[in-house]
Amino acid sequence: MTGQLVCWKCGADVSRLPQPLGRRAECDACHAELHVCRMCRHYDPGKAKQCRETMAEEVKDKSRANFCEWFQALAAKCSPASPPKKDSRHALDALFGGGAGMDSNSGTDKGNPRSDLDRLFGD
């Protein structure tokens, strides 16, 4: 195993845990189960059943502990899930034109497509 073994969910260092990871192994930081497909060297989202090991039985939930005998934790595969977007409301407003302020004449949002539709077709 090369590199630092980190939790697939939060990115915390889990390399101090006994290896190989047991079925009940969990992250001390977020308590996520670690004997999961997402931490396995065979995990590949681009493959059928998301696994390169053809002899392995299919595991439906790739982020839940399983009994797969082919499991091998691999530091290179372990990366935390994408962090949530910090400012998604502003991104949506920028994309759809919201947040431009109120139109003083109609009492509706300026530049808001929903308000434009309501004005056009009524409430």
Next on the checklist: Measuring only between side-chain heavy atoms, which start at C-beta, is L21 closer than 4.5 Å to L5?
Outcome noted: yes
Next on the checklist: So that I can tick it off, tell me whether E26 and R24 are bridged by a salt bridge, with the cut-off set at under 4.0 angstrom between side-chain N and carboxylate O.
Outcome noted: no
Checklist entry - Is the number of heavy atoms from other residues, nucleotides or ligands within 6.0 Å of CZ (R23) greater than 12? => result yes
Checklist entry - Is a side-chain donor or acceptor of W8 paired with a backbone partner of A32 at a separation under 3.5 angstrom? => result no
Next on the checklist: Using the side chain to side chain contact (heavy atoms under 4.5 Å, CB included) definition, which of the options V6, L34, D13 pairs with C27?
Outcome noted: L34
Checklist outcome for this item: Of all heavy-atom pairs linking S15 and Q4, the shortest is OG-CG, 4.4 Å
Checklist outcome for this item: The reported gap from CD in Q72 to CD in Q19 (rounded to nearest 0.5 angstrom) is 11.5 Å
Item to check | Short side-chain to backbone donor-acceptor contact, H42 and C51, under 3.5 Å | outcome: no
Checklist entry - Taking atom SG of C40 and atom NE2 of H35, what is their separation to the nearest 0.5 Å? => result 8.0 Å
Item to check | Over all atoms of both residues, closest heavy-atom pair of M55 and W70 | outcome: CB-CZ2, 3.6 Å
Checklist entry - Nearest heavy-atom pair of S63 and R38: which atoms, and what distance? => result CB-CD, 4.2 Å
Checklist entry - Passes side-chain contact (heavy atoms from CB on, under 4.5 Å), M39 versus F71? Steps please. => result CA-CA 8 Å; M39 288 191 62; F71 175 81; 4.3 Å; yes
Checklist outcome for this item: CG (N66) and NZ (K60) are apart, to the nearest 0.5 Å, by 13.5 Å
Checklist outcome for this item: One should read off an interatomic distance between C7 SG and H31 NE2, to the nearest 0.5 angstrom, of 10.5 Å
Checklist entry - Is it the case that R52 places NZ or CZ above or below the six-membered ring of Y43, under 6.0 angstrom from the centre and within 45 degrees of the axis? => result no
Checklist entry - Stepwise, does the side-chain contact (heavy atoms from CB on, under 4.5 Å) test hold for V36 with K62? => result CA-CA 6 Å; V36 299; K62 308 297 186 202; over 6 Å; no
Next on the checklist: Distance check, rounded to the nearest 0.5 Å: C37 atom SG versus E58 atom CD?
Outcome noted: 9.5 Å
